[in-house]
Amino acid sequence: MSPRSPDQRIAEVAAHQHSAFTRALAKACGFTDAMIRHRQRCGRWLLKGPVVFVLSGSADTWEQRAKVAGLQCGPISAVSGVSAAASWGLGPRRPTLIDVTIAHDKRAPRISGVIVKRSRYFARTDFRTLNDIPVTSPERTLVDLCIHRQAKA
């Protein structure tokens, strides 16, 4: 059995991540900077942010946009607020803008279509993985929604 190529490895991972992956993951799969640039130039990979790609031809879904937002915000981040409520089936529909919460000490990246919130009280225990997307737990989501509603009142 021959070893898998970097393209096969990235395709396997991307298949479980809504076709999204980071530059670091591509490098871990064996891609060089030149190989990454080539795949981007020829349109096989679409750059969705400074460090995130999606495979060309993949469906542009809400889940993919949520996964891309999470990957761009880093490992200690999660879809939150109204977006998390919709993911858990607690809201009427998935919002156009995706809410993501990151730790307070992290720099909030500017991402088109994403509302990045920083929280002083944000730990890995507040995360769950739903459909391979980090999402705040149902409990944390409800607390966030209550706090958001009080701030609006």
Side-chain angles (χ1 to χ4, degrees), residues 1-120 122-137 140-141 144 148:
M1 188 167 145
S2 64
R4 294 176 320 207
S5 72
D7 283 307
Q8 290 169 322
R9 287 192 292 264
I10 202 72
E12 288 174 7
V13 174
H16 299 285
Q17 295 190 160
H18 307 282
S19 296
F21 55 95
T22 63
R23 179 179 300 276
L25 180 63
K27 289 193 151 209
C29 287
F31 287 94
T32 64
D33 288 332
M35 293 166 76
I36 291 169
R37 281 191 305 275
H38 173 71
R39 278 153 184 80
Q40 187 181 352
R41 273 195 313 268
C42 70
R44 289 173 65 187
W45 295 0
L46 304 175
L47 186 63
K48 293 293 184 170
V51 298
V52 180
F53 296 94
V54 298
L55 296 175
S56 182
S58 60
D60 180 19
T61 63
W62 188 90
E63 290 83 1
Q64 184 184 77
R65 291 190 300 274
K67 184 65 178 183
V68 165
L71 289 171
Q72 289 187 111
C73 287
I76 304 179
S77 66
V79 171
S80 58
V82 175
S83 300
S87 296
W88 289 112
L90 303 172
R93 62 181 170 79
R94 292 185 170 156
T96 304
L97 297 176
I98 297 172
D99 298 303
V100 176
T101 296
I102 62 174
H104 188 268
D105 61 342
K106 301 293 179 198
R107 187 167 182 232
R110 291 181 164 258
I111 305 167
S112 177
V114 179
I115 300 168
V116 180
K117 301 172 186 171
R118 295 175 12 177
S119 174
R120 290 186 192 279
F122 194 59
R124 286 202 181 269
T125 55
D126 291 330
F127 296 20
R128 300 291 184 280
T129 301
L130 187 62
N131 198 12
D132 197 51
I133 300 168
V135 179
T136 52
S137 67
R140 171 67 190 244
T141 299
D144 287 347
H148 179 73

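No experiment lies behind these values; they were computed from the predicted model shown.
Side-chain N or O atoms of Thr129 include none that pairs as donor or acceptor with a backbone N or O of Asp132 at under 3.5 Å. Remark: the backbone N or O of Asn131 is paired with a side-chain donor or acceptor of His18 at under 3.5 angstrom. At distances below 3.5 Å, at least one donor-acceptor pair connects side-chain atoms of Gln8 with backbone N or O atoms of Ser5.
Under the side chain to side chain donor-acceptor pair (under 3.5 Å) criterion, the residue pairs touching residues 73-82 are Ser80-Thr101, with sequence neighbours excluded. Within the structure, no pair that satisfies the ring pair (Phe, Tyr, Trp, His ring centres under 6.0 Å) test touches residues 65-90, not counting sequence neighbours.
One distance of note links OG of Ser137 with CG of Leu130; it measures 11.5 Å at 0.5 Å rounding. For the atom pair CZ (Arg23) and CG (Leu71), the distance works out to 13.5 Å, reported to the nearest 0.5 Å. A distance of 4.5 Å separates CD in Gln72 from CD1 in Ile111, rounded to the nearest 0.5 Å.
Applying the salt bridge (Lys or Arg N to Asp or Glu O under 4.0 Å) criterion to Arg44, with sequence neighbours excluded, gives Asp7. In this view, Thr22 satisfies the side-chain hydrogen bond (donor to acceptor under 3.5 Å, both in side chains) rule with no residue, not counting sequence neighbours. When the side chain to side chain contact (heavy atoms under 4.5 Å, CB included) test is applied to Leu97, the partners found at least two apart in sequence or on another chain are Ile115. When the side chain to side chain contact (heavy atoms under 4.5 Å, CB included) test is applied to Glu12, the partners found at least two apart in sequence or on another chain are Arg4. Partners of Leu55 under the side chain to side chain contact (heavy atoms under 4.5 Å, CB included) rule, at least two apart in sequence or in another chain, are Ala14, Ser19, Phe21, Trp45. In this view, Thr61 and Ala59, Glu63, Gln64 satisfy the side chain to side chain contact (heavy atoms under 4.5 Å, CB included) rule, not counting sequence neighbours. In terms of the side-chain hydrogen bond (donor to acceptor under 3.5 Å, both in side chains) criterion, Arg128 has no residue partners (sequence neighbours excluded). Every residue two or more places apart in sequence or in another chain that forms a side-chain hydrogen bond (donor to acceptor under 3.5 Å, both in side chains) with Asp33 is listed here: Lys27. Scored by the side-chain hydrogen bond (donor to acceptor under 3.5 Å, both in side chains) test, Thr136 finds Thr141 as partners (sequence neighbours excluded). Residues satisfying the salt bridge (Lys or Arg N to Asp or Glu O under 4.0 Å) criterion with Arg140, sequence neighbours excluded, are Asp126, Asp144.
At least one side-chain heavy atom of Gln17 sits less than 4.5 Å from a side-chain heavy atom of Leu25. Looking at heavy atoms from C-beta onward, Ser87 lies out of side-chain contact with Ile133 at the 4.5 angstrom threshold.
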Query raised in the report: Does the side-chain contact (heavy atoms from CB on, under 4.5 Å) test come out yes or no for Ile10 and Phe53, once each step is laid out?
Result: CA-CA 11 Å; Ile10 202 72; Phe53 296 94; over 6 Å; no

Requested in this report: Could you give me the CA-CA distance, side-chain angles and deciding distance for Leu46 and Ser58, then say whether side-chain contact (heavy atoms from CB on, under 4.5 Å) is met?
Outcome: CA-CA 10 Å; Leu46 304 175; Ser58 60; over 6 Å; no

Report task. List the steps, then state whether side-chain contact (heavy atoms from CB on, under 4.5 Å) holds for Arg39 with Phe31. Result -> CA-CA 10 Å; Arg39 278 153 184 80; Phe31 287 94; 3.2 Å; yes

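Closest of all the heavy-atom pairs between Val82 and Asp99 is N-OD2, 3.4 Å. The minimum heavy-atom distance between Lys67 and Ala20, with the atom names listed, is CG-CB, 4.1 Å.
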